[in-house]
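Taking it in order: structure first as structure tokens, then the write-up.
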Amino acid sequence: MPSGKTHTKINLIGLPVIIAPLALLHPLHYEAIFVYAAGFLIGTYLLTPDLDTESDCYNNWGLFRFLWYPYQKFIPHRSILSHGLLIGDIIRILYLSIILFPLASFVNKQYGETTLLVWLEEHRDVLFVLILGVITASTFHIVLDKFYKPKRRKKR
Ligand SMILES: [Zn+2]
């Protein structure tokens with residue numbers, strides 16, 4: 001099983017490999033490419049499938065690690081619920097949305113001019129591209145978990 005650092009390294013190598021052709025094929029869509037890259041980095045550092053265990057990603061949440069305690073209690077490590085293509089992302093994003101909803105609603109009531117749902121509706125294209133970046137990053141993770149075999153040192 002690759003380490004968290006290996007996952008991060010492979011993702012950071014993979015990002016420009018994906019971004020470069022997108023930028024060449026769609027040079028005028030740099031904003032979407034930027035949002036996609038941001039989603040990919042969020043998926044690499046904050047929303048990886050390994051949130052189901054005490055991983056580098058989990059530690060990246062710092063003081064807010066506690067948000068993932070219930071997730072770790074209910075999602076078995078490396079199960080389809082965390083390491084399944086798409087299903088893992090959907091569960092993590094839904095989980096985070098549910099956990100953060102009370103705070104987001106409070107902030108929205110205090111400072112927002114439009115409701116949260118209206119804002120989400122207005123920005124759904126951006127959110128879609130952002131989530132696509134997150135999904136791509138976790139797909140890299142899942143594929144690497146499946147096929148990566150660490151090199152073993154030869155015994156002398
Ligand atoms: Zn993993």
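Order of listing sets the numbers, starting from 1, for every ligand and every atom in it.
The name of the N, O or S atom in Asp145 nearest to the Zn ion (ligand 1) is OD2.
Side chains of Asp50 and His83: a donor on one and an acceptor on the other come within 3.5 Å.
In this pair, Phe140 and Phe40 present their aromatic rings perpendicular. The plane angle is above 60°, beyond the 30 to 60° band.
Note on His7: not counted as a metal contact of the Zn ion (ligand 1), no N/O/S atom lying under 2.8 Å.
If you take OG1 on Thr6 and CG on Asp145, they are separated by 10.5 Å, rounding to the nearest 0.5 Å. If you take OG on Ser82 and CD1 on Ile75, they are separated by 7.0 Å, rounding to the nearest 0.5 Å.
Rounding to 10°, one obtains 100° for the angle at the Zn ion (ligand 1) between NE2 (His141) and OD1 (Asp50).
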